[in-house]
Amino acid sequence: MPAAPPSALYERLAREAFGAAPLEGGAEADVAVVGGGIAGLAAALALRRAGVATLLLEAATIGAGASGRNNGQVIPTLTRHDPEAVLKAMGEGRGERFLAMLQASADRLFDTIARYAIDCDAVRAGWIQPAHTPGRARLAARRAAQWAGRGAPAEYLDATAMAAHLGSAAYAGGWRHAGGGHVNPLAFTRGLARAAQQEGVRIHEHSRALRLVREADGWRVFTARGAVRCRKLVVVTAAYADSLWPGLARTVVPVDSYQLATEILPPGVAARILPGDEAASDTRYDLRYFHKDREGRLISGGALAIQAFARQRLPPVVRARLGAVFPELAGIDFPFFWGGRIAMTTDRLPRLHRTPDGLIGWTGCNGRGLALAMGMGEVMRDAVLGVADEQLALAPTKLAPIPLHGLVRRTARLALLHYRRRDRAEIPG
Ligand SMILES: Cc1cc2nc3c(=O)[nH]c(=O)nc-3n(C[C@H](O)[C@H](O)[C@H](O)COP(=O)(O)OP(=O)(O)OC[C@H]3O[C@@H](n4cnc5c(N)ncnc54)[C@H](O)[C@@H]3O)c2cc1C
């Protein structure tokens, strides 16, 4: 499958720039981080702020992975698991720690933006989840109640209130998390790299980690033109994982997701759509999602069961979907098209890996990792600093490659057909 292009729109809008030289020759650090996305940078920043000498290697450029290509929605929740489901899956003690981390993850992100003056069009106007059927509206009410019960700024919106927030009466209700919002993710990731560098993290772009060698007191990481000796290693390569950490790439299914953006909308139209400037993603599995950029374009996206000719095939699909919600967009064009790769796990829960000899990694954002990556950066810092497994906010698990990974990988997108059927059916309750 051809690699999806990067985002020319985020590049055009970004006022944060970043550039770092490749690693040349030998270097030493307490910790080497592999992967220059939000999670790797958040881990590096947290480690450096804890006084740990940290060096980060990025194969391409900062934000080249999902971090610089995503929809920019800051959402401090998981896609599938509400708080009660998290507690059921993880147990009371661990579940509580994980939920506290997740709940604070958007604060971490917006606090970091404020602290380092990251210029990334950050808007903390809330995130809304419109419900596409009355049954999903009842589910949204329960979801909002669970989060509100934990002190999150969450509220149920009936159909009238949702219509006012959305600028469309197409939905049956939904809920709103006032702690969410949106950013230009490429600018944010670059700003995070600048912040990490400012704190003393050494960053090298165009420095793919090619080989790990275990040594008496740690590891040596080889790149094409250099090598780093370190005590511990944090590997955060997400859906872009290669064979560096054998087996890691096979613990997730990398799924391609595409993004589209309109031209600048006429002022009257832009003012009617999402008048409060929230980010929105609905209750479908094959979800509809959108927010406005600072100049008034609508940034949306979608997925395809078969990837061929995505650039030609997806725009009419997204146009029809948006037109059903906002009739004024019925004939709109999408001059911007890009895509990225999401790391999916089979149970839709994230994974933390930790080996006795000092290898640590996180993967499995399942499409909602912008805020979560900030929280997981601190969890990985804790793991590096020796916090016991039982006390971490996510239980470390053994690398468990997905059986028949090649086949699952090739056919995963076909599950979309099943999800679309489920989206069309009403749910009980
Ligand atoms: C199209 C799309 C839309 C999304 N929308 C949203 C959204 O609106 N909200 C949300 O919360 N989440 C969203 N997500 C998910 C979110 O983008 C990710 O969870 C998050 O960016 C993951 O960050 P990361 O640092 O873990 O991984 P990445 O950003 O993917 O970074 C991994 C990095 O590792 C590097 N790498 C790989 N191998 C090596 C190596 N051997 N040596 C050195 N470097 C290496 C890669 O080059 C890459 O830069 C979306 C994702 C996609 C793809």
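We count ligands from 1, going down the list as the structure has it; atoms in each ligand are counted the same way.
When only interatomic distances are considered, the shortest N/O to N/O separation between S257 and ligand 1 does not fall below 3.5 Å. In terms of polar-atom proximity, defined here as any N/O pair under 3.5 Å, N71 does make such a contact with ligand 1. On a distance-only criterion, G369 and ligand 1 share at least one N/O pair closer than 3.5 Å.
Looking only at heavy atoms of the protein, atom 2 (C) of ligand 1 is closest to N70 CA, 3.7 Å. Scanning the protein for heavy atoms near atom 29 (O) of ligand 1, the closest one is S67 OG, 2.5 Å. Nearest non-hydrogen protein atom to atom 28 (P) of ligand 1 is A66 N, 3.6 Å. In terms of protein heavy atoms, atom 25 (O) of ligand 1 is closest to A39 N, 3.0 Å. Of the protein's non-hydrogen atoms, the one nearest atom 11 (O) of ligand 1 is L370 N, 2.9 Å. In terms of protein heavy atoms, atom 9 (N) of ligand 1 is closest to Q73 O, 2.8 Å.
Within the structure, ligand 1 has W362 among the residues with a heavy atom less than 4.0 angstrom away. The closest approach between any non-hydrogen atom of G367 and ligand 1 is below 4.0 Å. Taking 4.0 Å as the cut-off, L57 counts as a neighbour of ligand 1 on heavy-atom distance.
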Name the atoms and distances for all side-chain donor-acceptor pairs under 3.5 Å in residues 150-157, with sequence neighbours left out.
{"unit_1": "R150", "atom_1": "NH2", "unit_2": "E96", "atom_2": "OE1", "d": "2.4"}

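The salt bridge (Lys or Arg N to Asp or Glu O under 4.0 Å) check on R115 picks up nothing, with sequence neighbours excluded.
Counting heavy atoms of neighbouring residues, nucleotides and ligands inside a 6.0 Å radius, atom CZ of R202 exceeds 12 of them.
The residue from V255, I342, T237 that puts a heavy atom closest to atom 38 (N) of ligand 1 is T237.
Of the charged side-chain nitrogens involved, none lies within less than 4.0 Å of a carboxylate oxygen, so that D82 and R142 do not count as a salt-bridged pair.
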